[in-house]
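This report concerns only the one structure given below.
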Amino acid sequence: MTAIEQYLIDTFRACQQGAPMPPPPGRDDVAVVRAARNYQQFRAVLDGRAAHHPWRAAVRRLLSRPRPC
């Protein structure tokens, strides 16, 4: 059963029982990723390391990579 199918079943049950509707699948995915990134930066500060933004390092690696001719 897919997440969409399970969501539809849960929504139907919520309507039948008068309960609040469940959140749609994937609604909080961005918030979870952002919280994980913030936690990693927080742990870096507590460990005494610099808390750099992860995209800066990725862009720096892409731009400094030698290109084949």
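In this structure, Pro25 and Tyr7 approach most closely via the heavy-atom pair CD-CG, 3.7 Å. Nearest heavy atoms, Pro22 versus Ala14: CD-CB, 4.2 Å.
Under the side-chain contact (heavy atoms from CB on, under 4.5 Å) criterion, Thr2 pairs with Ile4, Glu5, sequence neighbours left out. For Asp10, the side chain to side chain donor-acceptor pair (under 3.5 Å) criterion is met by Gln6, not counting sequence neighbours.
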Quiz item: Can you list the steps and then say if Leu46 with Phe42 is a side-chain contact (heavy atoms from CB on, under 4.5 Å)?
Solution: CA-CA 6 Å; Leu46 290 181; Phe42 174 71; 3.3 Å; yes
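Sequence neighbours left out, not one pair with a member in residues 13-32 passes side chain to side chain donor-acceptor pair (under 3.5 Å).
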